[in-house]
Amino acid sequence: MKKLSLIGKRTVAVSAAFVLVITLCLSLAGCSSKPTLYLFNYGDYICPDVYDLFEEETGIRVVYDEYAAPEDMYAKFTSGTAQYDLICTSDYMLEKLIGEDRLQPINFANIPNYKNIAQAQKDICKSFDPQQQYSVPHFWGTVGILYNTEKVKKEDVQSWKCLFDGSYAGEIIMPNSERDAFFTALTYLGYDANTKNAEELQKAADLLAAQKADVQAYLLDEAARVKLEAGNADIAVIYNGEAYLAMENNPALDYAIPADGTCVWMDAFAVPANAANAAYAEQFLDFLCREDIATMNFEYIYYSTPNQAVVDALDDEILDVEAIFPAEESIKNAAVFRYLGEETEVLYSTLWKTAKS
């Protein structure tokens, strides 16, 4: 496996994703009668070649609409402005959609390649989909710290404390995501990442507000990664796949999972309750779970793949990369985000806005 091949693929993807979004606009306007699957997903989260191969094999075209954060997805998905046959989003948001009856059970008899999904990742899905009726894992991973080894001490990033004690003032990139940002503060304070306790959440918000003077920027994904690659910041809270890319582009960078706790995230596919083409969605899900297609996606994204058939074929060189496949010891007590209910959701939003203002 050529690890460096990922960089070129992701560069090309910007134009490919743009074309797909434009196609969506035309298709939703009723300009095509060709069999079409409407997919709503995070940006640039499937290898573009996969869509072409799926259409060649099935005659079904995939039209891809994208979003940045789960809350953005929920707002558009529930607005009624567009209808989708398949969505991909994160653990706690899937739990919310399941609770609101916005998803339909998947007919796994139509997805024989689901057998390739590792039991460990199926078990993670049980936290938000207890009966495993509604979700098919796409990628999973950790939240950790990307840091410049020439400017940040390795021992410091073994705890989230380094974000809050002023040691790296002005050099910190925090996630522009309320759940991820609060997670770092809650974990540092010794609280449950899924707490609904208003007092604990207020203490975490106070910590984030006090930290704000030390934060250079609140960024997600590529924007955070590029800051450290260019040497314009020294430390960032980031998802593991972005950390891996950064480490390829700048050998001075490394990734750490703090010993005081991390969270394991799971992004999974689901079929909306009002999907017009659920059969197409299940056909595409089976295609994505096929070993060769899952390998293409892994080599393009380089987040942790839940496809055991792919993992079994990987070289030790890749399996030993902590930023892709974390050691069991480092995630044995990891949290998985849960949906906390409307009242806590509103409280989170209010506290986050206050902390950043």
Measure from the side-chain N and O atoms of D260 to the backbone N and O of Y188, and report whether any donor-acceptor pair falls under 3.5 Å.
no
Does some side-chain heavy atom of Y218 sit less than 4.5 Å from a side-chain heavy atom of K212?
yes
Distance-only donor-acceptor check, side chains D180 and Y239, under 3.5 Å
yes
Under the 3.5 angstrom rule, does the side chain of E322 hit a backbone N or O of A327 as a donor-acceptor pair?
yes
Please give me the minimum heavy-atom distance between I145 and S159, naming the atom from each residue.
CD1-O, 4.2 Å
Taking the side chain as C-beta and beyond, is there a heavy-atom pair between K115 and Q308 under 4.5 Å?
no
Between F183 and W265, is the ring centre distance below 6.0 Å?
no
Are I238 and I173 side-chain neighbours, meaning at least one heavy-atom pair lies under 4.5 Å?
no
For F287 and V50: C-alpha separation, side-chain torsions, deciding distance, then whether side-chain contact (heavy atoms from CB on, under 4.5 Å) applies.
CA-CA 9 Å; F287 188 73; V50 167; 3.8 Å; yes
Looking at every heavy atom in both F182 and A204, which two are closest together, and how far apart are they?
CD2-CB, 3.9 Å
Minimum side-chain heavy-atom gap Q83-N274 below 4.5 Å:
yes
side-chain contact (heavy atoms from CB on, under 4.5 Å) assessment of E222 paired with D44:
CA-CA 11 Å; E222 182 181 6; D44 196 18; over 6 Å; no
Within the side chain of N307, is there an N or O that forms a donor-acceptor pair under 3.5 Å with the backbone of C289?
yes
Are the side chains of Y114 and K122 in contact, using a 4.5 Å heavy-atom criterion?
yes
Using only heavy-atom distances, determine whether the side chains of D156 and Y168 contain a donor-acceptor pair under 3.5 Å.
yes
Test V226 against E229 for side-chain contact (heavy atoms from CB on, under 4.5 Å), laying out the working first.
CA-CA 5 Å; V226 169; E229 287 177 357; 4.1 Å; yes
State, with a plain yes or no, whether a side-chain heavy atom of Y191 is found less than 4.5 Å away from one of N197.
no
Closest non-hydrogen contact found for T262 with V143 is OG1-O, 2.6 Å
If I compare all heavy atoms of T89 with all of P70, which pair ends up nearest, and what's the gap?
OG1-CB, 4.0 Å
Q121 side chain to P137 backbone, donor-acceptor under 3.5 Å:
no
Is Y255 reaching over with its side chain to a backbone N or O of G144, donor-acceptor style, under 3.5 angstrom?
yes
Ignoring hydrogens and geometry, is there a side-chain-to-backbone donor-acceptor pair from D91 to M266 under 3.5 Å?
yes
When hydrophobic residues are tied together by side-chain contacts of less than 4.5 Å, even through go-betweens, does I106 share a cluster with L86?
yes
Could you tell me which non-hydrogen atom of W160 sits nearest to which non-hydrogen atom of P258, and how far apart they are?
CE2-CG, 3.5 Å
With sequence neighbours excluded, give me every salt bridge (charged side-chain N to carboxylate O under 4.0 Å, His left out) pair touching residues 342-357.
K96-E345
Is a donor on one side and an acceptor on the other found under 3.5 Å between the side chain of S135 and the backbone of A270?
no
Side chains of F325 and T305 in contact at under 4.5 Å (non-hydrogen atoms)
yes
Does Y84 have K76 sitting over its ring (NZ/CZ under 6.0 Å from centre, angle to axis within 45°)?
no
Hey, would you say the F284 and F54 ring centroids sit under 6.0 Å apart?
yes
Does the side chain of Y42 come under 3.5 Å of the side chain of D221 through a donor N or O and an acceptor N or O?
no
Any chance the side chains of Y280 and T58 put a donor and an acceptor closer than 3.5 Å?
no
K126 and D123 ion-paired at < 4.0 Å
yes
Would E100 and Y74 count as having a side-chain donor-acceptor pair, cut-off 3.5 Å?
yes
Counting distance only, does the side-chain N/O of D85 pair as donor-acceptor with the main-chain N or O of A281 below 3.5 Å?
no
Would you check if there is a donor-acceptor pair between the side chains of D234 and N148 at a distance under 3.5 Å?
no
So, Y64 versus Y51, ring centres under 6.0 angstrom or not?
yes
Testing the basics here: between Q216 and A233, what is the closest heavy-atom pair and its distance to 0.1 Å?
NE2-CB, 3.8 Å
Is any side-chain heavy atom of I324 closer than 4.5 Å to one of I318?
yes
Run the numbers on M73 and L97 for side-chain contact (heavy atoms from CB on, under 4.5 Å), then give the verdict.
CA-CA 11 Å; M73 183 284 303; L97 294 172; 4.0 Å; yes
